[in-house]
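Note on naming: letters A, B, ... go to the chains in the order of the sequence lines (proteins, then strands), and numbering restarts at 1 for each one. Predicted, not measured: the structure shown is a model, and the values here were computed from it.
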Amino acid sequence: MAKQSIEKPVLPKGTRDFGPAQMAGRTFILDSIRTVFRSFGYQPLETPSMENLSVLTGKYGDEGDQLLFKILNSGDFLSRTTEADYQQGAPQMLPKIAEKGLRYDLTVPFARYVVMNQHELTFPFRRFQIQPVWRADRPQKGRYREFYQCDADVVGTDSLICEAEIVLMIEQVFARLGITDFTIKINNRKILQGVVESIGAEGKESDLLVAIDKLDKIGLEKVLDELSQRGFSPAAIEQLAPIFELSGDTESRLTAAEKAMQHSATPKAFGATGVPATGVPAIGQQGISELREVLSLVRDMGSAGEHVAFDITLARGLSYYTGAIFEVKVNNASLTSSVSGGGRYDNLTGVFGMPGMSGVGISFGVDRLYDVMEDLQLFPQEALAATQVLLVNFDKPSKKHALGLLSTLRDAGISAEIYPDAVKMKKQFAYADKKNIPYIVVVGAEEMQQKRYGLKDLKSGEQVALSIEEIIERLK
RNA sequence: GUGAUUGUAGCUCAGCUGGUUAGAGCGCUGGUUUGUGGAUCCAGAGGUCGUGGGUUCGAGCCCCAUCAUUCACCCCA
């Protein structure tokens with residue numbers, strides 16, 4: 001027999017299978033998030049996995065465009081290309097051989113949906129969306145090429161109540177998941193804008209944002225180094241330093257930020273815009289009062305807001321944010337990257353020809369939440385058990401009898417299964433053990449006669465003889 | 001895209017400066033006499049050492065290539 005080369009199956013880089021064990025945990029997380037979203041009045045939406053590349057490109061910056069998965073056109077995709085196209089390389093070729101791409105996030109498809117359905121939708125429009133997204137990134141810890149996002153956005157209002165609700169939703173999701181030690185970092189792009197203006201660095205916002213975003217990672221000095229490398233003047237850097245060293249609680253940080261911007265206000269920075277040289281930059285002030293208002297609304301909604309922390313160094317990459325920005329980190333987990341993030345954008349639908357539609361949204365990363373939950377062992381036992389009770393049988397008559405009980409249990413809404421073969425008890429018990437099944441009902445000759453069955457709690461090892469009605473009562 | 005890291009049994013790994021039939025733990029299968037599992041004990045199955053070349057009398061170990069992995073940077077959920 002000729003030796004056949006059997007190729008062993010491998011998953012594409014950065015993708016995973018979710019077996020029953022993982023699915024149990026993921027379902028628990030997704031259900032928690034969905035429940036919270038629903039209770040805040042968000043309605044579900046799903047969009048296609050693929051979008052036209054024209055919808056996707058240019059929305060995530062150059063970096064983002066690189067990370068888009070493109071879908072090759074069907075058929076002879078090279079037929080419409082020429083030798084000249086090939087010579088000019090990828091940018092010239094790409095539009096001719098690929099028209100579609102996999103979605104990169106859920107926000108842009110949402111914006112597309114809103115624009116396409118603007119006449120049918122009732123605003124403010126709240127939707128949530130739980131679907132996978134794809135990025136051609138290099139995978140590493142907590143980073144995958146296919147992962148799920150759980151987004152909730154509301155568009156068509158600029159009320160700060162929405163921001164406050166986001167804080168509440170985050171708190172409630174985490175409460176359901178059992179995560180207690182987390183921080184909701186909050187900032188406002190307007191404050192950052194104010195900082196930029198106060199040091200007279202207009203036009204270099206993105207450089208500043210990228211650099212300060214690393215503050216907690218590489219430290220103040222290295223950030224300042226990087227800033228000077230990026231062409232910020234020594235004077236500007238000197239003015240920046242104190243802003244990044246704010247300390248104390250959120251309110252005192254806010255006050256300090258306000259003051260710092262005031263201090264550093266220079267005539268140079270404001271001469272052109274007509275803002276008084278000595279005043280706090282108007283935009284920065286606006287950001288600060290917005291943030292204060294959000295915090296006050298959070299309290300009005302009955303939350304102490306103890307997890308919320310103002311962090312002026314929070315920048316977030318996505319350039320479409322214009323107001324509040326959020327990021328959530330779990331403090332006692334080994335995974336330090338953020339598990340959730342979001343913010344307000346004033347003009348997301350503008351690129352699709354629908355300007356002035358303000359919105360705010362939040363996104364949970366299920367995959368990272370899963371990693372955190374597992375790390376902290378937060379999955380409740382009952383969430384992981386698929387079956388509640390296993391019927392153990394010995395022989396034909398007992399199996400036959402057990403089948404009736406099985407249906408009775410299932411009709412009562414209790415997930416139950418019977419070990420299909422009449423093998424040794426040891427094996428049946430081991431099966432229940434491995435499958436995390438919490439209860440066993442023993443159906444033997446004696447039990448059948450008495451109509452009282454042995455209900456065994458596998459965790460405690462206790463066993464009691466009960467009627468089927470009593471068993472149902474116990475397990476409900 | 002840049003810089004590293006690792007690739008030996010289903011899993012986690014050992015294998016000394018290259019030397020005869022490649023090891024351990026866990027897991028798995030079976031048994032410990034047939035109605036009670038999860039850390040008893042006994043036995044067993046399972047690997048062409050990522051792949052392809054090369055050096056050598058001899059390669060899991062050295063060299064080259066290649067693929068894959070993990071991690072960090074960039075960026076991000």
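When distances are taken from the side chain of A:Ala445 to each of B:C71, B:C76, B:G35, the shortest belongs to B:G35. Among the nucleotides B:U69, B:U36, B:A77, the one closest to the side chain of A:Lys13 is B:U69. Closest to the A:Lys424 side chain, of the nucleotides B:U32, B:U36, B:C75, is B:U32.
Taking atom CH2 on A:Trp134 and atom P on B:A77, their separation rounds to 17 Å, with Å as the unit. Distance, A:Asn393 CG to B:G35 P: 12 Å, rounded to whole Å. Distance CZ (A:Arg143) to P (B:C73): 9 Å, rounded to an integer number of Å. The separation between A:Arg145 atom CZ and B:C75 atom C1' is 14 Å, rounded to whole Å. Rounded to an integer number of Å, the gap from NZ of A:Lys329 to P of B:C76 is 13 Å. Here the P atom of nucleotide B:A77 and the CG atom of A:Leu30 are 18 Å apart, to the nearest Å. Spacing between atom CD of A:Glu63 and atom P of B:C74 amounts to 10 Å, rounded to whole angstrom units. In this structure, CZ of A:Phe394 is placed 13 Å from P of B:U34, rounded to the nearest angstrom.
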Pairs under 3.5 angstrom, nitrogen or oxygen only, protein versus nucleotides 1-10 of chain B, please.
residue, atom, partner, partner atom, Å
B:U2, O4, A:Arg138, NH1, 2.6

What protein N or O atoms touch nucleotides 37-40 of chain B N or O atoms at under 3.5 angstrom, if any, and at what distances?
residue, atom, partner, partner atom, Å
B:G37, O6, A:Leu458, O, 3.2
B:G37, N1, A:Leu458, O, 2.5
B:G37, N2, A:Asp433, OD1, 2.5
B:G37, N2, A:Leu458, O, 3.4
B:G38, O4', A:Asp433, OD2, 3.0
B:G38, N2, A:Leu458, O, 3.2
B:G38, N2, A:Lys459, O, 3.3

List every contact pair, protein side and nucleotides 26-29 of chain B side both N or O, where the distance is under 3.5 Å.
residue, atom, partner, partner atom, Å
B:C28, OP1, A:Lys434, NZ, 3.1

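Side-chain atoms of A:Asn73 come within 3.5 Å of backbone atoms of A:Glu99 as a donor-acceptor pair (strictly under, hydrogens ignored). No donor-acceptor pair closer than 3.5 Å links the side chain of A:Arg189 to the backbone N or O of A:Gly287. Not one N or O on the side chain of A:Glu327 forms a donor-acceptor pair closer than 3.5 Å with the backbone of A:Ile186.
No side-chain donor from either of A:Thr322 and A:Arg344 sits under 3.5 Å from a side-chain acceptor of the other. Checked by atom type, the side-chain pair A:Asp151/A:Gln129 shows no donor-acceptor distance below 3.5 Å.
No engagement by A:Tyr148 is indicated, since no non-hydrogen atom pair under 4.0 Å with the nucleic acid exists. A:Glu447 comes within 4.0 angstrom of a nucleotide base, judged by non-hydrogen atoms across all strands. Using a 4.0 Å heavy-atom criterion, one finds that A:Ser340 contacts the sugar-phosphate atoms exclusively. Residue A:Glu446 is classed as a base contact, given a heavy-atom separation below 4.0 Å to a base. Nucleic acid contact for A:Val366: none, since no nucleic acid atom lies under 4.0 Å from a heavy atom of the residue.
Taking a cutoff of 4.0 Å between a charged side-chain nitrogen and a carboxylate oxygen, A:Asp31 and A:Arg176 do not qualify as a salt bridge. A salt bridge links A:Glu51 with A:Arg112: at least one charged nitrogen is closer than 4.0 Å to a carboxylate oxygen. Note on A:Asp153 versus A:Arg127: salt bridge recorded, some NZ/NE/NH1/NH2 to OD/OE distance being below 4.0 Å. Between A:Arg126 and A:Glu165 there is a salt bridge, since at least one side-chain N of the basic residue sits less than 4.0 Å from a carboxylate O of the acidic one. With salt bridges taken as basic N to acidic carboxylate O contacts below 4.0 Å, none links A:Asp371 and A:Arg368.
For A:Glu470, the salt bridge (charged side-chain N to carboxylate O under 4.0 Å, His left out) partners are A:Arg452, not counting sequence neighbours. Remark: A:Ala98 engages A:Leu53, A:Lys70, A:Leu94 in a side chain to side chain contact (heavy atoms under 4.5 Å, CB included) (not counting sequence neighbours).
Nearer to the 5' terminus of RNA chain B, by closest-nucleotide assignment, is the contact made by A:Gln463 (compared with the other of A:Gln463 and A:Gly64). Comparing A:Ser363 and A:Pro12, the nucleotide of RNA chain B nearest to each residue sits closer to the 5' end for A:Pro12.
Both the sub-6.0 Å distance and the 45° axial angle are satisfied by A:Arg26 relative to the ring of A:Phe18. A:Arg135 forms a cation-pi arrangement with A:Tyr104, by the criterion of a distance under 6.0 Å to the ring centre and an angle within 45° of the ring axis.
Look at the P atom in both B:A45 and B:A24: the space between them is 12 Å, to the nearest Å. Nucleotides B:G31 and B:A68 place their C1' atoms 41 Å apart, quoted to the nearest Å. Rounded to the nearest Å, the gap between the P atom of B:C63 and that of B:G25 is 32 Å. For the C1' atoms, the distance from B:C16 to B:A72 is 32 Å, rounded to whole Å. Remark: the separation of the C1' atoms in B:G3 and B:C62 is 25 Å, to the nearest Å. Using C1' as the reference atom, B:G58 and B:C71 are 37 Å apart when rounded to the nearest Å. Rounded to a whole angstrom, the distance from the P atom of B:G23 to that of B:C49 is 14 Å. Separating the C1' atom of B:A59 from that of B:U2 is a span of 34 Å, rounded to the nearest Å.
Ring geometry for A:Phe110 against A:Phe125 counts as parallel: the plane angle stays under 30°, on a 0 to 90° scale with 60° as the upper cut.
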Inset, instruction - Give the dot-bracket string for RNA chain B, reading 5' to 3', where a pair is Watson-Crick or G-U wobble with both distances under 3.5 Å, ( ) marks pairs inside the strand, [ ] marks pairs crossing earlier ones, | marks a partner on another strand, and . marks unpaired. - result: ((((.((..((((.....[...)))).((((.........)))).....(((((..]....))))))).))))....
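Side-chain contact check for A:Tyr144 versus A:Thr15: every heavy-atom pair is 4.5 Å or farther apart.
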